[in-house]
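Single-structure report; data block below.
The figures here come from the full heavy-atom set of this structure, side chains too, leaving out hydrogens, waters and symmetry mates. Counting starts at 1 for both ligands and their atoms, following the listed order.
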Amino acid sequence: MRIELEKLQGGKGGFAHVYQPDELNPVDERVNLSQAAEVSGSLRRTGDGVFVTGHIETRAQLECDRCLKPIELPVSADFALEYITGADYESSSVAALSEEELSVSVFDGDSIDVDEIVKEQILLAVPSRTLCREDCKGICPECGIDLNTGQCNCAAEEVDPRWAALQSFKNTDNPNTE
Ligand SMILES: [Zn+2]
Ligand SMILES: [Zn+2]
């Protein structure tokens, strides 16, 4: 959905849209929507630029970083963004680029792409690391078994049996060396 600034009555307006997951998926290579995204907000012209505020409500699906199991997370995000034209951006002096202005985006001066805003905000809202649970054991790199639900002997087989014997000898015969 694009909003043409020309069509804003009195320099301001509102928008609301329900995105079906298909309209935005994939949000990026690790994030997909598992539910429709409800988006609403308003725009206000500021000279050549525009100020956009709004809210997004949806559910995102990611994979566990260790075991790749799908994880669903609720997304509820407020946003406030300022857009200025490329010309305005270049004319603003370096000294004027305060921290506040780092959230300023450049646009073509004609329209605002709401799809892009929604995707960006969803990516900002989801954590950069996701685990299905804090102590997820992951998958065995050797045989691919999910170590949360099963066990394999890959790790055990890597231990040289002679070394294992030495270890148990040490443990049983030297109770004083802790
Ligand atoms: Zn996991
Ligand atoms: Zn294994």
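The SG atom of Cys143 and the SG atom of Cys140 meet at the Zn ion (ligand 2) at an angle of about 110°, given to 10°. Our summary of the site lists the angle at the Zn ion (ligand 1) between SG of Cys64 and SG of Cys132 as 110°, to the nearest 10 degrees. Seen from the Zn ion (ligand 2), atom SG on Cys154 and atom SG on Cys152 lie at an angle near 110° (rounded to 10 degrees). Annotation: angle subtended at the Zn ion (ligand 1) by Cys136 SG and Cys67 SG is 110°, to 10°.
Atom NE2 of His55 is separated from atom CZ of Phe79 by 9.5 Å, given to the nearest 0.5 angstrom. To the nearest 0.5 Å, atom NZ of residue Lys7 and atom OG of residue Ser111 are 9.5 Å apart.
Looking only at distances, no side-chain donor or acceptor of Ser42 sits under 3.5 Å from a matching main-chain atom of Gly13.
The shortest distance between side-chain heavy atoms of Val52 and Phe107 does not fall below 4.5 Å.
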